[in-house]
Structure formats: C-alpha cells, structure tokens
Asks: 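The structure is given below, and queries will be raised subsequently.
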Amino acid sequence: MARIVQKFGGTSVADVDRIRKVAGRVKREVDAGHELAVVVSAMAGTTNQLVDWTRQTSTLHDAREYDAVVASGEQVTAGLLALALQELGVNARSWLGWQVPIRTDGIHGKARIREIPTDEIVRRMREGQVAVVAGFQGLGPDNRITTLGRGGSDTSAVALAAALRAERCDIFTDVEGVYTTDPRIVAKARKLDKITYEEMLELASQGAKVLQTRSVEMAMNHRVRVQVLSSFNDAPGTLVVDEDEIVEQQVVSGIAYSRDEAKITLLKVADRPGVAAAIFGPLADHAINVDMIVQNISEDGRFTDLTFTVGKADLDRAVKVLEEKRASLGFAALKPDPDVVKISVIGVGMRSHAGVAQQMFKTLAEKNINIQVISTSEIKVSVLLAEEYTELALRALHTAYGLDAS
Ligand code: ADP
Ligand code: ASP
Ligand code: MG
C-alpha cells in the first residue's frame, strides 16, 4: 500500500464527462489499496475567464479580490470530483485551500506555500477517504484567500506530496509527458522517459508550461518523485529524477520558448559609472524583474545603447517608471517592443561540451533569423528573436541538435 498524490490539469477536468473519467482513474488506485490525495485545477478556460472579468471590472485591481475571484474555479472541480467519486462508491470529500489550510505568504496573485498541516487529511486517508484538494489556492497570513500564480496547481500537488510524504506525485495533463520541446508546435518533438530536476527546472523557468517552475523547485528540494503523464491514455509518462539516474545524457535535452517577455531599448544613455544602477534600481523598486541585458560598446566614450527584457505584463509599467526618470537618467529615446520570443536550449551536458551556442547561432543564421539579445548560463543558452520566427526557429533548432523523433 502506498500513499499517492495525483493532480489533474484543466483539460483533464474540462467537463463533467471528463471528471467522471478522472474519478474512474482515482478509483483504480483506491481499489489497489492505496491512500489517495487528488489535486484539481479549474476546468480549462475557466481561470482565463475569471482573470478577464477582474480586469474588465478594475484595471488597477486589488490583488486580494483578484485572488478571491480567480480561486473560485478550483472550488467547482474539487466539489464535482468528490461527487463523481461518491457516485462510484468511493468515500471522498473536497478540501478548499483555507480548509486544509494550505498556509502561504501574503503575496497575493503569486503566493508561496509555507506550511500544510496534514494530520486531519492523513487520519481520514487512513480510514479510506480520498482527499480532493482544490489546487492553486491557499490562505494568507491576513486570513484571506491567496493564489499561487498561473499553473499553480502543479505546486499545490507537489507541496501536498511533500507534506504527506507521498511515494509519488502524478501530474496528469493533456500530453503524454515532458517532450524535447512543446509537441503542439514541433510535431517531431520526442517524449523523454526521464529528465533531471535541474533540466526540468530550467525548461519550466524558460517557458515550458508543462510544469510550474515552483513545483519543480519544490520537488527538487523535498525529493518528491514527480511523474508527468496523460490523463487520456495509459502510456508511460516522464519521470523527473536525479542526474545519476540518467544513463545516456544528451548534450541538449530540450528547447523552451517564452512569448511572455518584452524588449526595451534605451538609446543614447550616458556611459558613466552608476547609470545601470540608476536604471535598474527603480524597476526593482516596482517589483519589475529584468531578465536579459545587453549594453553596446560606447563608440565615443560618452553614450551607449542599453537593451533589456521584462515580463510582457510589466512592459507598460516599466515604460512609465523609466519615462518618469527620463530627465535624471538622460536617455535620448525609449523603444518598447512586445513582439519578441525567447528561445532557450537546455542540457546538463553543456557543462562538458563546447559548441552548443555556436550551433544555435549557425542554425538561426542559416534561416536568416536575426538574434537580438543573447544570454547564457551553465546549462542553458537563450536568444531573443522577433516573435514571428518562433515556429521556424524551434523546428530548425530541434533538428539541428538531433532531437527529432525518428
Ligand atoms: P494542465 O492544464 O494539465 O496543467 P498545461 O497546459 O499547463 O496543462 O501544460 C501542458 C502543456 O504544456 C501541453 O499541452 C504543451 O502544449 C505544453 N508544453 C510546453 N512545453 C512542453 C514540453 N517540453 N513537453 C510537454 N508539454 C509542453
Ligand atoms: N487554474 C489555474 C490556472 O489556470 C491553476 C492551474 O491550472 O494550475 O492557472
Ligand atoms: Mg498547468
């Protein structure tokens, strides 16, 4: 007998019929004698609709009320799945974030889980009751509902698995596992049997939405065995594992893309000490994260151009903050560009192999795609391109690194 956490994403609980199928899958594990906690997302599309309603009502919304609205989707699916399980004769009850309670910090809209007391859930599991837990939501220090950021049900599931010391955490989604790149864009993407925590973390943080970044962080820190698999068939999925569990390590394991970034170029910035601090300080003060940065060489020793990226959702705010400081910063012009994509190739094998970046530059050059910004880390090379080249660049790189499925 094992204790298992299963998480079902939005497409897997998109309507009552699919919720019934999920219930059937959960029942299989219960019948095999396991203790089950199940985390659910809202029905596909629901959270987007809820976010949209809050935006329509108030542009400068109160994040606490935003959370009260957007957390509601998971309440519906948790209740429905508990009902569907009961219909199959399985003892089950729903748990909202505040009922567990899943305690978080107070950063509404992207709260972090701090603590999950599990005594009561464990007691009931031992009596054979399935805990159906609403994902994405928690309870803040102010006793108000918080949410964990988009895609946050993955994190709810992994955190619950860690707190329950579950044997594994199964993430059921609408693809059969983690692929070498998004299978919806590159038809030749290949499913990986295993991927390291580190590579999964990098893929997720560079845009692969199959797992929320924080869920991977949490799995890595608490050594939770995460498996990603399809809720629509019984094909084996992808196991997220330690590096030493992978026998044949490829140099490049995967390619991620993110359309969530925007580029800002400041023209003719004074080339003197303290300028970068003067520009990025105010952005940090407004909680605007800067990702990639390039500064051009100053030809005359007086002026330089500075290009960097921020989250697309922060672009308007970033422009406003910088324009307000224009007099003191002394740049000649500011050019915002939301139509960019960041593409990243990832692999722990890069530590010991040279030439990965060069291969990327050459492949893009052959397709006549201009690289706007480059950044690298130990196991990743990222480039910023015009958004229109997303598909072309992904497919070309996928082939160039030998990742295509045969
Ligand atoms: P869920 O609703 O189940 O949480 P998501 O939409 O959040 O599902 O995540 C699954 C999606 O992630 C897939 O449909 C796929 O388009 C996308 N995706 C992006 N990169 C990858 C990748 N490398 N492997 C698998 N899926 C990926
Ligand atoms: N329903 C939330 C979202 O769409 C959380 C999740 O699905 O993981 O972001
Ligand atoms: Mg998701």
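No experiment lies behind these values; they were computed from the predicted model shown. Position 1 is the first residue of the sequence, and the numbers go up from there.
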Asks: Once rounded to the nearest 0.5 Å, what's the spacing between atom CG of Asp52 and atom OG1 of Thr47?
Replies: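 Separation between the atoms: 12.0 Å.
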Asks: Side-chain contact, heavy-atom cut-off 4.5 Å: Thr180 with Leu192?
Replies: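 Of all side-chain heavy-atom pairs linking Leu192 with Thr180, at least one is under 4.5 Å.
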Asks: What is the ring orientation for Phe172 with Phe8, classed by angle as parallel under 30°, tilted 30 to 60°, or perpendicular over 60°?
Replies: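 Judged by the thresholds at 30° and 60°, the geometry between Phe172 and Phe8 is parallel.
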Asks: Taking 4.0 angstrom as the limit, do Lys335 and Asp337 come out as a salt bridge?
Replies: no
Asks: Between Lys21 and Asp17, does any side-chain N to carboxylate O distance fall below 4.0 Å?
Replies: yes
Asks: Counting only heavy atoms not in Lys325 (residues, nucleotides, ligands), do more than 12 fall under 6.0 Å from its NZ?
Replies: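 Result for NZ/Lys325: open.
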Asks: Quickly, which of Ile279, Leu266, Thr265, Leu267 forms a side chain to side chain contact (heavy atoms under 4.5 Å, CB included) with Phe331? Name it, please.
Replies: Leu266
Asks: Under a 3.5 Å distance rule, please check whether Gln212 uses its side chain to pair with a backbone N or O of Arg150 as donor and acceptor.
Replies: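 Looks like yes, one N/O pair under 3.5 Å.
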Asks: Has Lys191 got a side-chain atom pairing as donor or acceptor with Pro236's backbone, closer than 3.5 angstrom?
Replies: yes
Asks: Enter the distance from Glu245:CD to Asp193:CG here, rounded to the nearest 0.5 Å.
Replies: 12.5 Å
Asks: If you compare all heavy atoms of Leu160 against all heavy atoms of Val5, which two are closest, and at what distance to 0.1 Å?
Replies: C-CG2, 4.4 Å
Asks: For Glu87, I'd like to know if atom CD has over 12 heavy atoms of other residues, nucleotides or ligands within 6.0 Å.
Replies: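 No - once you tally the heavy atoms of other residues, nucleotides and ligands closer than 6.0 Å, there are 12 at most.
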Asks: Report, as yes or no, whether the 6.0 Å neighbourhood of atom CD on Glu387 holds more than 12 heavy atoms from other residues, nucleotides or ligands.
Replies: yes
Asks: Ser253 and side chain to side chain donor-acceptor pair (under 3.5 Å): which partner among Glu198, Glu202, Lys194, Glu199?
Replies: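 The single option meeting the side chain to side chain donor-acceptor pair (under 3.5 Å) with Ser253 is Glu199.
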Asks: Between Arg93 and Glu120, does any side-chain N to carboxylate O distance fall below 4.0 Å?
Replies: no
Asks: Looking at Ile264 and Ala318, what are the two nearest heavy atoms and their distance?
Replies: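 Closest approach of Ile264 to Ala318: CD1-CB, 3.8 Å.
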Asks: Taking C-beta and beyond as the side chain, do Val130 and Gln86 meet within less than 4.5 Å on heavy atoms?
Replies: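 Val130 does not reach Gln86 side chain to side chain.
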Asks: Taking atom CZ of Arg3 as the centre, does the number of heavy atoms from other residues, nucleotides or ligands within less than 6.0 Å exceed 12?
Replies: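 Yes, because the 6.0 Å sphere around CZ of Arg3 holds more than 12 heavy atoms from other groups.
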Asks: Does the side chain of Leu96 come within less than 4.5 Å of Gln137's, by heavy atoms?
Replies: yes
Asks: Counting only heavy atoms not in Arg225 (residues, nucleotides, ligands), do more than 12 fall under 6.0 Å from its CZ?
Replies: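 Counting neighbours around CZ of Arg225, 12 or fewer heavy atoms of other residues, nucleotides or ligands fall under 6.0 Å, so no.
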Asks: Donor-acceptor pair, distance only, cut-off 3.5 Å: does the side chain of His61 make one with the backbone of Gln56?
Replies: no
Asks: Any Lys/Arg nitrogen of Asp154 or Lys209 sitting under 4.0 Å from an Asp/Glu carboxylate oxygen of the other?
Replies: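 No.
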Asks: In the structure I gave you, are the side-chain heavy atoms of Ile293 and Phe280 within less than 4.5 Å of one another anywhere?
Replies: yes
Asks: Specify the closest pair of heavy atoms between Ser41 and Gly9, including all atoms of both residues, with the distance to one decimal.
Replies: OG-CA, 3.6 Å
Asks: Test your reading of the model: is there a side-chain donor-acceptor pair from Asp67 to the backbone of Thr147, 3.5 Å cut-off?
Replies: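 A pair under 3.5 Å: yes.
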Asks: Are the side chains of Asp142 and His108 in contact, using a 4.5 Å heavy-atom criterion?
Replies: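 In short, these two side chains touch, coming nearer than 4.5 Å.
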Asks: Which atoms form the tightest heavy-atom contact between Ala262 and Pro338, and what is the distance?
Replies: CB-CA, 4.0 Å
Asks: Would you check if the side chain of Thr304 reaches a backbone N or O of Val269 as a donor-acceptor pair within less than 3.5 Å?
Replies: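 Checking the backbone N and O of Val269 against the side chain of Thr304, no donor-acceptor pair under 3.5 Å is found.
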Asks: State, without any angle test, whether Thr11 and Asp174 hold a side-chain donor-acceptor pair at a distance under 3.5 Å.
Replies: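 The criterion, which ignores hydrogens and geometry beyond distance, is satisfied for Asp174 and Thr11.
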Asks: Would you call Lys342 and Asp291 a salt bridge, using N to O less than 4.0 angstrom?
Replies: yes
Asks: Would you say Glu74's side chain and Ala42's backbone share a donor-acceptor pair under 3.5 angstrom?
Replies: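 Between the backbone of Ala42 and the side chain of Glu74 there is a qualifying donor-acceptor contact (under 3.5 Å).
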Asks: Does Tyr401 reach the main-chain N or O of Gly254 with its side chain, forming a donor-acceptor pair under 3.5 Å?
Replies: no
Asks: Output yes when Arg259 and Glu391 qualify as a salt bridge under the 4.0 Å nitrogen-oxygen rule, no when they do not.
Replies: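 Salt bridge flag = yes for Glu391 with Arg259.
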Asks: With the side chain counted from C-beta on, respond yes when Met43 and Asp15 share a heavy-atom pair under 4.5 Å apart, and no when they do not.
Replies: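 They are not in contact (no side-chain heavy atoms under 4.5 Å apart), so the answer is no.
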Asks: Pick one: which of Leu315, Thr307, Val310 meets side chain to side chain contact (heavy atoms under 4.5 Å, CB included) with Lys263?
Replies: Thr307
Asks: If you measure from CG on Asp314 to CG on Asp260, what distance do you get to the nearest 0.5 Å?
Replies: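 Reported value, rounded in 0.5 Å steps: 11.0 Å.
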Asks: Is the backbone N or O of Cys169 less than 3.5 Å from a side-chain atom of Lys7, with the two atoms forming a donor-acceptor pair by type?
Replies: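 Checked: no pair found.
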Asks: Enter the distance from Met200:CE to Thr238:OG1 here, rounded to the nearest 0.5 Å.
Replies: 9.0 Å
Asks: Counting only N and O atoms by type, is there a donor-acceptor contact under 3.5 Å from the side chain of Ser72 to the main-chain atoms of Ala68?
Replies: no
Asks: Is Arg395 paired with Asp404 through a side-chain N to carboxylate O contact shorter than 4.0 Å?
Replies: no
Asks: For a quick test of reading the model, state the closest non-hydrogen atom pair linking Thr390 to Ile343 and the distance between them.
Replies: O-CD1, 4.0 Å
Asks: Less than 3.5 Å apart, any donor N or O on the side chain of Asn221 or Glu217 sitting next to an acceptor on the other?
Replies: no
Asks: Does the side chain of Val26 reach to within under 4.5 Å of the side chain of Leu85, using non-hydrogen atoms?
Replies: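 In short, these two side chains touch, coming nearer than 4.5 Å.
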Asks: Less than 4.0 Å between a side-chain N and a carboxylate O, is that true for Arg144 and Asp62?
Replies: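 Answer for the salt bridge query: no.
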Asks: Report the distance from atom OG1 of Thr104 to atom CZ of Arg112, rounding to the nearest 0.5 Å.
Replies: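 Thr104 atom OG1 to Arg112 atom CZ measures 11.5 Å (nearest 0.5 Å).
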Asks: Within this structure, what is the OG1-CG distance for the pair Thr181 and Leu403, rounded to the nearest 0.5 Å?
Replies: 8.5 Å
Asks: Between Gln359 and Val252, is there a side-chain heavy-atom distance shorter than 4.5 Å?
Replies: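 No; the side chains remain at least 4.5 Å from each other.
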Asks: State plainly whether the residues Lys320 and Glu323 are in salt-bridge range, i.e. N to O under 4.0 Å.
Replies: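 Not counted as a salt bridge, because no side-chain N and carboxylate O are separated by less than 4.0 Å.
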Asks: Within a reach of under 6.0 Å around CZ of Arg326, are more than 12 heavy atoms found that belong to other residues, nucleotides or ligands?
Replies: yes
Asks: Which atoms form the tightest heavy-atom contact between Ala393 and Leu364, and what is the distance?
Replies: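 Between these two residues, the closest heavy atoms are CB-CD2, 3.7 Å.
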Asks: Any sub-3.5 Å donor-acceptor pair from Glu29's side-chain atoms to His34's backbone N or O?
Replies: no
